[in-house]
Protein chains: 2
Amino acid sequence: MAIIVDKDKKRRDIALSCKDLLLECGIKDLTISQIAKQASIGKGTIYEYFSNKEDIVFEIITSFIEDNETRLEQVSEMNISTKEKIFSFYFLFFDDEIYKKQLNIYKEYLAISMINPTKKMIDFSQKSCKKFNDISNKIIEEAISKGELKPESINIIRHLDIYHTGLAVEEQKRGINAKQEIRNLLDSLFVLLEENHD
Amino acid sequence: MAIIVDKDKKRRDIALSCKDLLLECGIKDLTISQIAKQASIGKGTIYEYFSNKEDIVFEIITSFIEDNETRLEQVSEMNISTKEKIFSFYFLFFDDEIYKKQLNIYKEYLAISMINPTKKMIDFSQKSCKKFNDISNKIIEEAISKGELKPESINIIRHLDIYHTGLAVEEQKRGINAKQEIRNLLDSLFVLLEENHD
DNA sequence: TTTTAATTGACCGACAGTCGGTCAAAGGAG
DNA sequence: CTCCTTTGACCGACTGTCGGTCAATTAAAA
């Protein structure tokens, strides 16, 4: 019998080795030949582990998003006000240079998933959005139980996730500043959502 | 001198003749050869009037969006409550079958404009978003001056436009119902934004 | 007849994805 | 131990598709 490789591991290894390449080129300009070269394997081998280009890119982006979930959890445990937590949540993505690059890739991914969402993408998207909402809800519920926020806050804040996607899409095109917009919206919202203690 | 054609007119004619084709195929599966055939011209001629495929698609989509602006203006003049107007504004896009097809094309366009926004796209996007905001603001300002809504409503409602983009992007992927989501958000928001007359 | 705008489709290069074939390691028969 | 067979891993030349180009052609105006 011939050697048996760990398909899952090799799959992840190939994807991992192309992380930087993807960040550098973007999805559209990343070619399968480049990937093969970078991973030091033949082009045909790629297709032993991935069904198509989308599949590879998705694998890499999945890891970006998982990184980000970790960052979110860190924020949720920081010693800052509820408003600052929510702000950081939505701003994290637009933050520094590294994440700007990731944002660009994420945008391209959004683009693809918008046009041809595969079952895999939908499942992952729902899973990661649920996770995001869970963390966010926990923060808000805490604030409500402390009497900081009105109970209806939950049902409004939960929509911010969709707003966040919109912001990622429109930021560049509309020439708006994501940070400012989030700040502005949260400022206005929190005035309405905070319980008045008079 | 040879005949001089009206470049602008021919440009529009070519685009117009491919409206249905675009709705049927989607951007990705629409080929230049198909366009040339549909418009009964040679493939090379296309490039006398458009700089690339994107350029054609953009021309067609521009006309979709302009159609939509007309529909918005109609809604703004209907005899319905402020909340219903705003609801219709954001729901219009997700409405019936014809507009569902347009929405799909619009999503593909969003995808392209997200990745490679051209100067033209940015300008158009800003112009059409300004128009949208103007109509929306007028409605809200009227409601404020009538004492229906709190003054801060302006600054919150204006963000709905971005939310709307997010909804277009995420609707299918998250398996959510755009109509329900808009309804739900507006219901929650209006409770907070309506002036209490007690 | 000459000039020049307009048009055209054969052609090109890039790229995703395929396929026939090679290779090396792991049994297993003798 | 050795030689043969099996089999999964691997490969890159090749294919088909498509956006975009350009040399050749047409025909109206001067």
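So you know, we letter chains A, B, ... as the sequences are listed, proteins then strands, and number each from 1. Excluded from the calculations below are hydrogen atoms, water molecules and symmetry mates; all remaining heavy atoms, backbone and side chain alike, are included.
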Figure out the [atom1]/[atom2] separation between [X] and [N], and round it to whole Å.
X	N	atom1	atom2	answer
I46(B)	dA10(C)	CD1	P	16 Å
F50(B)	dC18(D)	CZ	P	20 Å
E48(A)	dT18(C)	CD	P	11 Å
K28(A)	dC15(C)	NZ	P	11 Å

Side-chain donor/acceptor pairs under 3.5 Å, residues 16-27 of chain B, sequence neighbours excluded:
unit_1	atom_1	unit_2	atom_2	d
S17(B)	OG	I14(B)	O	2.8
E24(B)	OE1	K101(B)	NZ	3.1

Taking N or O atoms only and anything under 3.5 Å, show me the protein contacts with nucleotides 21-24 of chain D, one pair per line.
none

Does Y99(A) have any ring-ring contact (aromatic ring centres under 6.0 Å, His included) partners at least two apart in sequence or in another chain, and if so, which? none
Sequence neighbours left out, what passes ring-ring contact (aromatic ring centres under 6.0 Å, His included) with Y47(A)? Give chain and number order. none
Residues passing the salt bridge (Lys or Arg N to Asp or Glu O under 4.0 Å) test with E181(B), sequence neighbours excluded, are R158(A)
Quick one: list whatever passes salt bridge (Lys or Arg N to Asp or Glu O under 4.0 Å) with D134(A), sequence neighbours left out. K130(A)
List the steps, then state whether salt bridge (charged side-chain N to carboxylate O under 4.0 Å, His left out) holds for R11(B) with E59(B). CA-CA 9 Å; R11(B) 192 184 146 94; E59(B) 183 74 27; 2.8 Å; yes
Selection: residues 29-42 of chain B, any non-hydrogen atom under 4.0 Å of DNA chain D: L30(B), T31(B), I32(B)
Residues within residues 7-14 of chain B bordering DNA chain C, heavy-atom distance below 4.0 Å: K7(B), K10(B)
Please name all residues satisfying side chain to side chain contact (heavy atoms under 4.5 Å, CB included) with [X], sequence neighbours left out, ordered by chain then number.
X	value
S51(B)	D55(B)
K83(B)	S81(B), D187(B), F190(B)
E48(B)	K7(B)

Sequence neighbours excluded, every pair satisfying ring pair (Phe, Tyr, Trp, His ring centres under 6.0 Å) that has a member inside residues 52-83 of chain B: F58(B)-Y109(B), F58(B)-F124(B)
Considering only side-chain heavy atoms of N52(B), which listed nucleotide, dT7(C), dA9(D), dG20(D), is closest? dG20(D)
Can a side chain N or O of Y49(B) be found less than 4.0 Å away from OP1 or OP2 on dA6(C)? no
Looking at every heavy atom in both I176(A) and E170(A), which two are closest together, and how far apart are they? CG1-O, 4.4 Å
